[in-house]
There are 2 protein chains.
Amino acid sequence: MSQRTLEFWYDFASTYSYLSAMRIEADAARSGVAVSWRPFLLGPIFAAQGWSTSPFNLYPAKGRNMIRDLERICDDRGLAFHTPHPFPQNSLLAARVATVGVAEGFVADFTRAVFGAEFADRQPISDRSVLIAILDRLGLDSARILELAQTQPTKDRLRAATEEAISIGIFGAPTFRAGDGELFWGDDRLDRAIKWATGL
Amino acid sequence: MSQRTLEFWYDFASTYSYLSAMRIEADAARSGVAVSWRPFLLGPIFAAQGWSTSPFNLYPAKGRNMIRDLERICDDRGLAFHTPHPFPQNSLLAARVATVGVAEGFVADFTRAVFGAEFADRQPISDRSVLIAILDRLGLDSARILELAQTQPTKDRLRAATEEAISIGIFGAPTFRAGDGELFWGDDRLDRAIKWATGL
């Protein structure tokens with residue numbers, strides 16, 4: 001019997017992706033669903049929509065609501081939440097490391113650690129030293145991985161992931177994609193996405 | 001003992017406002033919370049953000065997701081859902097009638113009937129005859145109400161409601177506002193908003 005899989009598409013700069021990253025693996029496992037971690041970059045998608053930065057910056061009332069909403073939800077879930085400065089964080093290097101992590105099997109632990117550093121511990125995730133410390137704490141060879149993250153094949157794989165995201169209709173993060181292609185946008189839809197994947 | 005109240009800010013053109021309109025009164029009542037129905041217009045708010053139409057039209061991938069999301073949710077809740085043509089519908093006249101309904105006490109029934117006509121029965125809600133038929137079915141004096149809806153005082157009250165929405169930080173619909181000013185955006189947040197109102 002093949003196990004059901006749910007793709008989890010996320011950007012490290014995305015606040016609501018933080019919410020999902022911290023719970024998706026445990027929640028999906030309870031339903032017998034495996035998670036396929038799919039780091040990508042929202043920046044090119046936003047740029048194609050004519051946005052120079054996060055919509056939470058472009059539309060300040062929406063941004064204020066997002067922060068308050070995150071505070072309430074994180075309070076319920078026992079998660080810390082602080083708005084990073086600057087917001088959004090530059091997620092490029094972290095996404096490249098995560099792309100290596102997909103190939104090497106450390107993507108889930110690395111992703112949770114980066115989101116925690118960013119939104120709980122107020123660390124700048126564009127800073128190499130922050131990512132190195134995370135990899136070291138995970139017992140990984142940080143020097144080798146950082147170097148690999150910045151090679152052309154890794155850059156190309158991340159670019160291909162972002163192009164795949166666009167091609168399957170992704171416009172924001174987090175997005176969940178079931179095996180039949182059904183898309184679910186937003187942490188609010190995670191339970192529904194897992195249930196959908198279970199029923200396939 | 002004063003009853004807790006939750007303001008429900010909505011635009012008749014808004015798909016997610018439909019979801020909330022059909023359940024808010026019963027859900028709030030179960031928690032001992034009264035609903036204050038606050039029709040307003042999203043159009044001026046979108047225009048101020050530089051949008052000429054709904055973001056679901058401006059960003060087609062987002063629009064496709066919204067329709068599929070509504071289909072799934074309405075299926076769960078036993079609600080019909082069809083995308084109106086054109087989308088979004090012009091909600092001005094319906095909002096003016098609802099503004100009369102706030103003053104005269106028929107706003108809740110009228111609002112549910114308009115949303116049902118629009119999203120379940122595929123009727124054009126900008127059409128006077130559609131609104132007249134709804135008022136008639138509610139046993140109301142449709143001729144008098146339609147006339148009153150188009151007087152300057154009613155127009156001014158609706159404009160004031162929209163200005164109030166902007167001033168309290170509303171940027172989309174549905175939005176729920178508790179007695180202490182706490183804002184909750186989106187049908188996804190209705191349960192949380194009711195709970196918040198209960199605890200005040």
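So that the names make sense, note that chain A is the first sequence line, chain B the second, and so on, each numbered from 1.
Other residues, nucleotides and ligands contribute at most 12 non-hydrogen atoms within 6.0 Å of the CZ atom of A:Arg122. No more than 12 heavy-atom neighbours from other residues, nucleotides or ligands sit within 6.0 angstrom of CD on B:Glu147. Enclosure of atom CD in A:Glu164 by more than 12 non-hydrogen atoms of other residues, nucleotides or ligands within 6.0 angstrom is indicated. The local environment of NZ in A:Lys195 is sparse, with at most 12 non-hydrogen atoms from other residues, nucleotides or ligands closer than 6.0 Å.
For the pair B:Leu183 and A:Asn65, the tightest heavy-atom approach, listed with the atom from each and the gap, is O-OD1, 4.1 Å. Here the closest non-hydrogen pair linking A:Gly169 and B:Ala61 is O-CB, 3.7 Å.
The candidate with the highest count of non-hydrogen atom pairs below 4.5 Å against chain A, out of B:Arg72, B:Arg192, B:Arg68, is B:Arg72. Of all the listed residues (A:Phe184, A:Phe171, A:Trp196), the one sharing the greatest number of non-hydrogen pairs under 4.5 Å with chain B is A:Phe171.
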- request: Carefully, step by step, assess B:Leu58 and A:Gln49 under the rule side chain to side chain contact (heavy atoms under 4.5 Å, CB included).
  value: CA-CA 9 Å; B:Leu58 293 173; A:Gln49 292 178 173; over 6 Å; no

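Contact check for A:Lys62 versus B:Trp185: side-chain heavy atoms found under the 4.5 Å cut-off.
A:Tyr59 and B:Met66 fall into different hydrophobic clusters, where Ile, Leu, Val, Met, Phe, Trp and Tyr residues are linked whenever their side-chain heavy atoms come under 4.5 Å apart, directly or through other members.
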